[in-house]
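Worksheet for the structure shown next.
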Amino acid sequence: MNPSQKLPAEIFKAYDIRGIVDKSLTADVVRQVGHALGSLAIEQGQKAIAVGRDGRLSGPELSGALMDGICAAGCDAIDVGCVPTPVTYFAAYELGCHSCVSVTGSHNPPDYNGLKMVIGGTTLALQAIQDLKTRIETGNFKHGKGERRSADVLAAYVEKIVGDVKLSRPMKIVMDCGNGVAGAIAPELFKRLGCEIVPLFCEVDGNFPNHHPDPSKPENLADVIRALKETDAEIGIAFDGDGDRLGVVTKDGEIIFPDRQLMLFAADVLSRVPGGTVIYDVKSTRLLAPWIKQHGGVPLMWNTGHALVKAKLKETGAPLAGEMSGHTFFKERWYGFDDGLYTGARLLEILSKAADGNPLLKNLPNSPSTPELNIKMAEGEPFTLIDKLKAEGKFEGAEEIITIDGVRVEYADGFGLARPSNTTPVVVLRFEADNTAALERIQADFRRALAAVWPGIKLPF
């Protein structure tokens, strides 16, 4: 790379690399990143990196460029093909290489793509991603001729899950893959588990012609809700674009958000791992901590971000973790990475023990809450705003102010959260309370506090 050529700084995010294809994220930039990753792997004594890609149209070109770069460092590149991100993570274990990269734009629009990176068993995040940028800009590369080869791990992945997860009875389910890469494997996997499938948009199509593959947004679950009404399917599940997140819908159309899904998983896992730690992120319901304690576990609130949760999981040895965004991490019986397909299988295993799984979901504790709300700001401003809120914010009746990731204010009857997104220039807000009157009071308190530190701020609530 010509030293005068500046890398686009905005693609080096907190948890991954992501940008607009042929603009900020070009094949040349991805080749340079591959050379940096290969160099890092060699320095750590690693010999090969598995590379998978999602169903985006730019995937073949970018994964090819990435593998060229990896090989230029003298590291081998193993092409595992067009597979869900969790299958790429699985490949690092199955092939014994401990390193992998998924070429994926996750839930971003079709013109985006990116890289989720694991080297030597550690997910790259925060400073490690900035260090890759510095490595490229300073030309700190290893040089050699790595070998490029292919490996098929899909069959082994399916066998591993089918050998682990057992349904107590056959189930009929609606499955929406949103034309994402999960469609290449999820229908077969769930049939093998004993399910009858009502498939929606299971053809992999990087144009995403039907709806966006992001089950965290209620509007993207409308087709699942309709199919549950029109068929005799018992439950609905949906995957995001690269298959590492899960959406869940009951027969009557209620969306079970991931923090409530985590309650069901916690009760199940803690029945076999008494005293285990269950990690959840700052966006999650305040009903989780008492539920985890009630089931004999230790609740641990942590930062949002799949890479940060994985690091905490590794550090604590927790058997289970989950995020409000839909990433769920099973270390008990699985590998500890976020996997929407495996999470869906574990969900059905629990629900199949009852004659009808819907009451198990609907009876989970719940309280009035808002979805994620966003304040759009200029680049850098969300962090400035949250710093000011931490330093100067006044909250009436607050029992505790948690600042591990933004500002989460705990009241006797609810909570409010404001945190800067690490992926886009927005402040993320979420509110929950025992009743709607308390919810309105907490929102009014945040309205006052935010206006005091940032006059003229436009709020979405």
**Request:** Could you check V174 against D223 for side chain to side chain contact (heavy atoms under 4.5 Å, CB included), going step by step and ending with a plain yes or no?
**Result:** CA-CA 10 Å; V174 172; D223 293 301; over 6 Å; no
**Request:** For the pair N358 and D252, evaluate side-chain hydrogen bond (donor to acceptor under 3.5 Å, both in side chains) and give the outcome as yes or no after the intermediate values.
**Result:** CA-CA 9 Å; N358 282 279; D252 61 0; over 6 Å; no
**Request:** Determine, stepwise, if the pair N422 / Y15 fulfils side-chain hydrogen bond (donor to acceptor under 3.5 Å, both in side chains).
**Result:** CA-CA 8 Å; N422 281 308; Y15 321 127; 2.9 Å; yes
**Item:** Working for side-chain hydrogen bond (donor to acceptor under 3.5 Å, both in side chains), residues H211 and D176
**Value:** CA-CA 10 Å; H211 66 73; D176 186 344; 2.7 Å; yes
**Prompt:** Where do D413 and R286 land on the salt bridge (Lys or Arg N to Asp or Glu O under 4.0 Å) test, with the steps shown first?
**Reply:** CA-CA 10 Å; D413 52 2; R286 64 200 280 269; over 6 Å; no
**Asked** side chain to side chain contact (heavy atoms under 4.5 Å, CB included) between K217 and H107: does it pass, once the steps are laid out?
**Response** CA-CA 11 Å; K217 300 276 188 288; H107 59 279; over 6 Å; no
**Request:** Take D259 and S284 through the side-chain hydrogen bond (donor to acceptor under 3.5 Å, both in side chains) test and state the conclusion after the steps.
**Result:** CA-CA 5 Å; D259 52 353; S284 298; 4.9 Å; no
**Request:** Output, in order, the C-alpha distance, side-chain angles, deciding distance and verdict of side chain to side chain contact (heavy atoms under 4.5 Å, CB included) for S216 and S325.
**Result:** CA-CA 6 Å; S216 69; S325 60; 5.5 Å; no
**Message:** One pair to check against side chain to side chain contact (heavy atoms under 4.5 Å, CB included): V101 and V33. What are the steps and the verdict?
**Reply:** CA-CA 11 Å; V101 181; V33 172; over 6 Å; no
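For K251 (side chain) and A233 (main-chain N/O), a donor-acceptor pair under 3.5 Å exists by modelled atom type. No side-chain donor-acceptor contact under 3.5 Å links R148 to the backbone of M67. Proximity of a side-chain donor or acceptor of D242 to a complementary backbone N or O of T85 within less than 3.5 Å is not detected. Side chain of E349 to backbone of K166: a donor-acceptor contact under 3.5 angstrom is found.
A centroid separation of less than 6.0 Å is found between the aromatic rings of F330 and F265. Ring centroids of Y335 and Y89 are separated by 6.0 Å or more, keeping the two rings apart.
Evaluation of the side-chain hydrogen bond (donor to acceptor under 3.5 Å, both in side chains) test over residues 187-200, restricted to residues two or more places apart or in two chains, returns E159-R192.
Taking 4.5 Å as the limit, some side-chain heavy atom of D445 sits within range of a side-chain heavy atom of Y411. In this structure, the side chains of I279 and F329 stay at 4.5 Å or more apart for every pair of heavy atoms. Between V427 and N374 the shortest side-chain heavy-atom distance does not fall below 4.5 Å. Taking the side chain as every heavy atom from C-beta outward, E61 and V21 never approach each other to under 4.5 Å. You'll find the side chain of S352 reaches within 4.5 Å of the side chain of R169, heavy atoms only.
Using a 4.0 Å cut-off between a side-chain N of Lys or Arg and a carboxylate O of Asp or Glu, K116 and D244 qualify as a salt bridge. Ionic pairing of R245 and D338 is not present here: no N-O contact between side-chain nitrogen and carboxylate oxygen is shorter than 4.0 angstrom.
Taking the six-membered ring where tryptophan is involved, the planes of F461 and F431 are tilted, since the angle between them lies from 30° to 60°.
Within a 6.0 Å sphere centred on NZ of K293, heavy atoms belonging to other residues, nucleotides or ligands number 12 at most.
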Atom pairs and distances, side-chain donor-acceptor, residues 294-301, under 3.5 Å, sequence neighbours left out:
{"residue": "H295", "atom": "ND1", "partner": "W291", "partner atom": "O", "Å": "2.9"}

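For T423, the side-chain hydrogen bond (donor to acceptor under 3.5 Å, both in side chains) test picks out S421, with sequence neighbours left out.
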